[in-house]
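Worksheet for the structure shown next.
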Number of protein chains: 2
Amino acid sequence: MKDVARHASVSVSTVSYVLNGTGPVSQERRERVLEAVKMLSYTPNEAARGLRQRSAPTVGLIVPDLTNPYFAMIAEGVERYSSERDALVVLCAPEVAGTSSSEPTTTRLLRSQRLSGCIFLSGASAVPRSLMELTELGPVVLVDELLPGFGLPAVVSDNRSGARAVAAHVLSMGHRRVGIIGGPSTLWSSHQRLAGYREAFASGGIEPDSIPLEVGDYRQESGFDAARLLMARSAGSDRITALVCANDLMAVGAIEYLRSQSLRVPEDVSVVGFDDVPFARSLTPRLTTVRQPAHDMGARAAELLFSLLENPDMSPPDYEPLPVELMVRDSVQPPRA
Amino acid sequence: MKDVARHASVSVSTVSYVLNGTGPVSQERRERVLEAVKMLSYTPNEAARGLRQRSAPTVGLIVPDLTNPYFAMIAEGVERYSSERDALVVLCAPEVAGTSSSEPTTTRLLRSQRLSGCIFLSGASAVPRSLMELTELGPVVLVDELLPGFGLPAVVSDNRSGARAVAAHVLSMGHRRVGIIGGPSTLWSSHQRLAGYREAFASGGIEPDSIPLEVGDYRQESGFDAARLLMARSAGSDRITALVCANDLMAVGAIEYLRSQSLRVPEDVSVVGFDDVPFARSLTPRLTTVRQPAHDMGARAAELLFSLLENPDMSPPDYEPLPVELMVRDSVQPPRA
DNA sequence: TTGTACGCGTTATCAC
DNA sequence: GTGATAACGCGTACAA
C-alpha cells in the first residue's frame, strides 16, 4: 500500500480513501491511485484489514455429511450467495464423537475470530453441546432444521405440508396398509414429517396410532433395517403395501431390503421418499418424493446470516417455511387385490 | 493477551513464548500463564497472527460441482485431513462462465493472502485461465486430474488400469460390439480411461479404431445424449451390446436413454461406469464400475499441500497413481444370442 | 530467564 | 481535500 502511495505521489490514507470509498478524494488523485493499483497489481491484505476492523467476512458452514447430495446442494447455495458478497465459506465437519479433543474445532475457530458467524446444517442425529458456545461467539443460522428452545434463526422448508402431500398421494392410489420409516426422533424435521403423514392418513380414515412406525437416522442402512422390522411386523395377508420414508436415502435402503426379500417395487410394495436428491429420478422405479428447495435454502440462510452480521441486535425475522413440491413418479402404484 | 499477561503477572512476550513453545520459560511462570489463559478463555487472534507471520493455515478447495458425490467425497477427505492440522478449508466454486467479473474470485482470494495455498479439483471440462495466476500466488495441488505441461503436483488414481479392468470384464462376459462414452477430451483422465479401454479391447482382438466413441462432459445429461448417438449409429443386427462409460453419472444418463427406447439393461445392453459413487450400488441393475479411493485422494492432496507449504522449494514428489478397484455388479451380463 | 520496543498492513482520527 | 499518526493483536530481536 505504501508502494501504491509512492507511485501515485499521495499518502497512504488517500489510497485507503479511494479503495474503500470513504473520505472525499479529488478526481485527479483518485485516478492516479487506481492506475498505480493496477500497475502494481496490488490487493489489500485481508489479515490486516480484519485486524483493524475486528471481523473478517467469513462464514463457517457446518455440515455433517457432504456425501448426502441434499446437503451438498444446500452447501452450494451457501457458497454461491456468500461468494457474491465476497465472503469466504469455511467447511467444517463436526467432530466425530470420541475423536475430538476437549474443545470442538468449530468453537475454537469461531473464537479465534477467523469466522464471523456460521451456518449450522444439523441433519445428523443430535445437537452438539458445542452449539451453545457457538451462539455466544457469533451469530448462528440454522438451515433445514429447527432447534426449538434455542431461539435461533432458521431457514427451513415446509416439511409438514410436504409430508401431508406425499402421504395423501399414497392414500389416493388406494393404499390402506402403510408403514412409516421416520427420521431421528430428536429432530424437528422428523416430527414435522411424521405429523404431516399422520394428518393425511387420519383424514383418509386411518387411525394414526395404528400405523406401524420405525425410526432410522436418515442414512441408507437405517432404511434397510427399518424396512426389515416393519415387514416382519406385518406378515401374512395384511402385509404392508406402501412404505413412507422420511428421506430418499432411507427409501433407497428400504427398496434394497424389499428386493432382498424378492418383493417387487412398486408392484408388491410402493415406496416414497423425501428431499428429491438428484438421483431419485434415476432409480428404478423413479422415486416419488418431495422436493425441497435446497439450493435456495442455502442461499437464504447465508442472506440471513449476513443481515444478522450487519445488524447484530436485529430480531430474527418471522419464520416462514419455504414451499416444497410433490414429485409424483412411478414408485407408487395401486396395491394389487 | 495483555489481560492474560496481567493476570499471570508476566509480560506479553512471556505469554507468547508459552503459547508458541518458542523461547525458554520457567516452569512456574508457564503454569501461571496457562492458568490465566484458561481462566480468561483466551484465544489468539488469528488475524493478527497471520498478519505477523504472513500466512494463515487456510487451504482453498476449488470444486466445480459438489453435487457430484465423487467430488463431495474428495472434499470430505481434504476437510478431514486439514482440520486435523488445524487448518481451515475454504470452499470455492469456480466462476460460472460469463457471470464473472474481470477477475476470478479464487485468484482474488489467494492474492489477498487469506489462503495459503489451494487444492484444485478440476473435473469440469476446461482449465481456467486463472490457474496460471493461481500458481504464482501460492502452491497449488491438483486432485483427480493431471494437467500436463503445468508441472503441478497432483494426486490421482490409476485411471488407466481401472479402465483396462472394466473393459476386460466386459470382454470376458462375451461382448464384442461395444460403444464408449468418453469424458471431455481436454481432460487427462478422459485420455487415460480411453487408453485403458482400448488396450483391453485390443488385447481381446478388437480393433480400437473400430469402436464407436462419443464424448460427454461427465454429467448425466451428456450420457443420455451420447447413448442416443451411439445407438443410432449401430442399428440393426450389429447393435451395440455394451456401453462403457467414463463415469457413473454418464452411465446413469445412458441407462435412462436406453430405457426410453425400451431397451433393457442389462438384458439388451450392458453398461459400466467409473468412480463408484455411493448410489451406484443402489441402481437397478447395480452398476458395475471402478472404485476410486476418493476420500483418500482428498486427504493425500491436503497432505501434499501442507508439505509444500512447509517446504516451499521442495520438488514435487514422484507421481504415483493410487490403486483403483473393479466393482463387479450386475449391470453386465453376457450378450444374448 | 524476562521485559521493552518495534513492525506487520490497514483503517480511523484528527489536524492542516 | 489531504496527509501524519495512532491504534488493531501478535511475534521476536535485543537489551537487561
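By convention in this document, chain letters (A, B, ...) are assigned in the order of the sequence lines, proteins followed by strands, and residues within each chain are numbered from 1. Both backbone and side-chain heavy atoms feed into the values below; hydrogens, waters and symmetry mates do not. This one's a predicted model, so the numbers in the text were calculated from it and none came from an experiment.
The stretch residues 9-27 of chain B comes close to DNA chain C through B:Val10, B:Ser11, B:Ser13, B:Thr14, B:Tyr17, B:Pro24, B:Val25, B:Ser26, each having a heavy atom under 4.0 Å from the strand. A heavy atom lying under 4.0 Å from DNA chain D marks the following residues of residues 29-45 of chain B, by number: B:Tyr42, B:Pro44, B:Asn45.
In the displayed structure, A:Arg32 atom CZ is contacted under 6.0 Å by more than 12 heavy atoms of other residues, nucleotides or ligands.
For B:Leu51 and D:dT12, the CG to C1' distance is 14 Å, given to the nearest whole Å. Nucleotide C:dA12 holds its C1' atom 14 Å from the CZ atom of A:Arg49, rounded to whole Å. The nearest whole Å value for the distance from the CD atom in B:Glu46 to the C1' atom in D:dC8 is 15 Å. Atom CD in B:Gln53 sits about 11 Å away from atom C1' in C:dC8, given to the nearest Å. One can place CZ of A:Arg6 at 12 Å from P of C:dG9, the figure rounded to the nearest angstrom.
Summarising the geometry of B:Ser116 relative to B:Pro139, their closest heavy-atom pair is O-CD, 3.5 Å, with the distance given to 0.1 Å. Listed here is the closest heavy atom pair of B:Ser122 and B:Leu187: OG-CD2, 3.9 Å.
Annotation: side chain of B:Glu46 is in contact with side chain of B:Arg49 (closest heavy-atom distance under 4.5 Å).
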Below 3.5 Å, can you tabulate the donor-acceptor pairs from side chains in residues 1-9 of chain B to any protein atom, sequence neighbours excluded?
residue, atom, partner, partner atom, Å
B:Asp3, OD1, B:Arg6, NH2, 2.6
B:His7, ND1, B:Asp3, O, 3.3

Kindly list each side-chain donor-acceptor pair under 3.5 angstrom involving residues 294-301 of chain B, sequence neighbours excluded, with atom names and distances?
residue, atom, partner, partner atom, Å
B:Asp296, OD2, B:Arg300, NE, 3.3

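The line from CG of B:Leu61 to SG of B:Cys92 is 7.5 Å long, rounded to the nearest 0.5 Å. Between B:Leu115 atom CG and A:Leu88 atom CG the span is 6.0 Å, to the nearest 0.5 Å. The CG atom of A:Leu19 lies 11.5 Å from the OG1 atom of A:Thr14; values are rounded to the nearest 0.5 Å.
Rounded to 10°, the helix from C:dT1-D:dA16 to C:dC16-D:dG1 has 50° between the axis fitted to its first five pairs and the one fitted to its last five.
Within 4.0 Å (heavy atoms only), A:Met1 reaches at least one base atom of the nucleic acid.
Here side-chain hydrogen bond (donor to acceptor under 3.5 Å, both in side chains) pairs that include residues 145-156 of chain B, with residues two or more places apart or in two chains, are B:Glu145-B:Ser189.
Between the base of D:dA7 and the side chain of A:Arg52 there is a donor-acceptor pair shorter than 3.5 Å.
Taking a cutoff of 4.0 Å between a charged side-chain nitrogen and a carboxylate oxygen, B:Arg80 and B:Glu84 do not qualify as a salt bridge.
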